[in-house]
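All figures in this text were calculated on a predicted structure; none of them were measured in a lab.
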Amino acid sequence: MSDDFTDRLAATTLAEEAMEAGPGTAIPVATVVRDAMEHGEAGPRVVPLGAVPLYRALRTAGSRLSSPAALAASTGTEQARVVGDVTIRTLDEGDVLWLMIDLGSGPLRALAPQRLELLGPGGRIMCVDLDAPIDGVIQMGFRRADGPGRDMIPLLEDPATSIFLM
Amino acid sequence: MLGGTPPVTLMPKIRYWSDTAQHEFAALFEDADHAPAFVEKVADALIRGWPPNRDKPLWALALVIEALGRASARPNGLEILARSPAEVLADLTGAAAAGVPGIALAGGSRAVRLEADGATIVLGRARIGILRKIAEFLVAADGYAHSAAILAIFLDLAANPSTDGLKDGVRALSRRLYEYRKTHFAEGHAASGFDYVRRRIGHGTPTDDDVLALWTAPDNTHFGTYRTAFLSALSFLAMRRAVTERAAVGAAGSIDDPANDRGTPEAEDGGVPSPLALAAAFEEDGAPPLAALKTTDLNVFTKAEVDFAELLDGVWPAGRPLVRSVMRLLAFHPIQSGLSNALRTGRSKVPAEQRVTCVEAASYLDNRARLDGLHEKTGGWLAVLYSLTVDEPPDREAARVSARGEALLSRSRSKSFDRPEDELTALFREIAPSLVALAHTTDDAREAMTAWGGLGEERMRDAFEADRAVFAAEFARRYLGRSPHAEGPGHDEGRGA
């Protein structure tokens with residue numbers, strides 16, 4: 001009886017304090033979830049480090065293609081990823097880094113992805129709208145010095161970055 | 001105390017859990033304006049489970065994730081986090097209609113009955129909402145330290161549904177929550193709260209003054225608000241009764257709650273459910289009764305009315321024998337909650353020195369009138385619901401109700417009613433169970449208050465004035481650190497901090 005009462009009392013007061021509490025220091029799951037379900041803005045965003053697995057899992061489920069890591073043989077600046085018959089490669093040309101996505105012959109070829117999202121291991125997020133494919137290949141160049149490339153390229157070159165196509 | 005603002009002090013609150021647990025729990029409810037009753041249900045489920053089984057909510061959570069996995073072409077164990085409870089329920093009812101084994105409709109399409117290994121559970125939208133919050137809590141617990149492991153369990157449950165997988169999943173989730181409880185919920189302190197209430201109430205039947213004394217007593221270090229003290233007294237009484245009954249009947253240890261197996265008397269052809277059927281479906285759901293009124297798009301009640309109703313609902317019908325305690329709660333809890341909010345946020349329309357005097361408190365006569373108003377209004381909305389759902393009233397009485405509803409609807413100028421009729425009907429149906437519950441509660445409370453108010457208006461006024469003096473003194477002591485003149489110097493711990 002004492003245990004039961006203790007639990008009830010604890011529940012009542014815990015609830016009461018939650019209703020009275022202001023914005024705390026904890027990160028609400030609901031916020032991370034909403035973030036991962038929405039399209040999200042393009043600019044760099046940061047997911048709190050602890051919530052990265054949650055964000056990654058939700059994005060993986062919601063995207064049309066996801067690649068958690070680059071092939072082991074990738075070099076520092078030139079990355080390659082293969083998911084089914086889709087390949088994602090980067091090509092380093094000094095000032096410019098090229099991103100090439102070969103959509104293969106599957107469903108992505110029939111309906112091209114519109115958007116690419118990068119999730120760095122530190123929780124950093126960048127989005128970019130993809131160009132239309134030409135003959136099943138999307139090819140985009142990013143300048144290292146300025147524009148979205150400045151934030152994109154370090155993520156693209158990190159083999160531990162997750163790539164999502166939506 | 002000379003000049004300036006008197007030092008503001010609070011009674012030290014008893015912590016039954018770590019600050020981490022408090023922050024993490026509060027963070028669960030930042031996404032929307034949740035009803036206090038809902039928050040309490042979630043806290044209750046995390047701390048005690050669904051009696052008699054502590055791990056039942058986790059079992060139900062695993063079962064929902066597994067069922068969603070079996071129902072979906074692209075199983076994704078995170079649907080419970082990503083989709084609204086209504087959508088999850090729609091998926092499950094869809095699966096039941098499609099004949100997925102282990103999932104059946106219950107209570108029309110308002111709930112589903114899930115079955116695994118001979119045990120069943122009925123889940124409606126409200127319970128799914130609770131499960132979702134529990135899932136969120138597990139993911140975020142301990143600063144997301146275990147989120148990867150928890151997510152792996154969710155994903156696996158949905159991707160590889162099997163009896164063994166379910167058992168393992170439930171076991172793993174239970175272990176996680178057990179670890180969390182062990183670290184963050186310090187139960188030792190709380191037990192002294194139990195001893196305190198037992199010492200004061202003992203085997204007797206507490207009077208209204210006993211309840212008040214629970215809060216105002218010098219040795220009360222357990223309850224910050226009058227409301228908590230009152231609720232604790234009520235749960236103590238409920239438990240004392242339960243213990244007596246259990247001793248007579250013997251313990252039942254089934255994971256299934258037999259109450260859930262009642263059939264729901266609802267029109268099978270999708271016709272108008274009777275209020276009784278709604279009430280029954282609703283009880284099955286174990287929902288916070290008035291939650292729908294908070295989230296509805298219809299402007300049926302003002303925020304003040306909903307707050308009032310919720311405050312009453314939290315102690316009714318358990319508080320029925322203690323009408324004056326209920327009156328005190330309705331009159332003075334809003335003042336105390338305003339005080340603690342003001343202290344927390346530093347913003348307040350009324351200065352604390354003025355607020356502690358309870359000049360803003362609604363008198364007992366006011367509150368009785370408010371209750372009458374609420375009852376009347378609830379009846380009106382039920383009439384509107386009736387007029388919307390019934391084309392041809394079967395008799396003259398029904399026709400009168402229907403006409404009243406139509407009249408109310410046509411007179412209403414709120415923009416929220418300016419929608420196509422079927423949309424309006426659907427919205428009203430959603431809040432119907434809450435309206436029915438509220439009608440029952442207000443009806444019963446009015447009866448009890450009328451019996452109590454039979455003392456006469458003069459006596460009610462006197463009672464209010466007397467109580468106001470007590471509460472004002474107590475608030476001044478707690479929030480301004482003033483020792484009331486009527487009391488000895490023994491327990492003005494806030495003074496001159």
### Query
Among B:S232, B:S337, B:A21, which has the most heavy-atom pairs under 4.5 Å with chain A?
B:S232
### Query
Between B:A148, B:A82, B:A140, which has the largest tally of heavy atom pairs under 4.5 Å with chain A?
B:A82
Write down the atom of [X], the atom of [Y], and the distance for their closest heavy-atom approach.
X	Y	result
B:A43	A:A11	CB-O, 3.5 Å
B:A27	A:P28	O-CB, 3.3 Å
A:G50	B:Y144	O-CB, 3.2 Å
A:R34	B:D31	NH1-CB, 4.4 Å
A:L14	B:F25	CG-CD2, 3.7 Å

Report, as yes or no, whether the 6.0 Å neighbourhood of atom [atom1] on [X] holds more than 12 heavy atoms from other residues, nucleotides or ligands.
X	atom1	value
B:E87	CD	yes
A:R89	CZ	no
A:D95	CG	no

### Task
Could you tell me whether the side chain of B:R74 and the main chain of A:A61 form a donor-acceptor pair under 3.5 Å?
yes
### Message
Let me confirm one number: the CG-CG distance from B:L151 to A:L58, rounded to the nearest 0.5 Å.
### Response
7.5 Å
Answer with side chain, backbone, both or neither: which region of [X] has an atom nearer than 4.5 Å to a non-hydrogen atom of chain A?
X	result
B:L81	both
B:D44	both
B:A45	neither

#### Entry: chain B interface, residue from A:V52, A:T31, A:L54 that has the most non-hydrogen pairs under 4.5 Å
A:L54
### Query
Of the backbone (N, CA, C, O) and the side chain (C-beta and beyond), which part of A:I27 lies under 4.5 Å from a heavy atom of chain B, both, or neither?
both
### Message
Under the rule for side-chain hydrogen bond (donor to acceptor under 3.5 Å, both in side chains), what residues qualify as partners of A:S67, not counting sequence neighbours?
### Response
A:R81
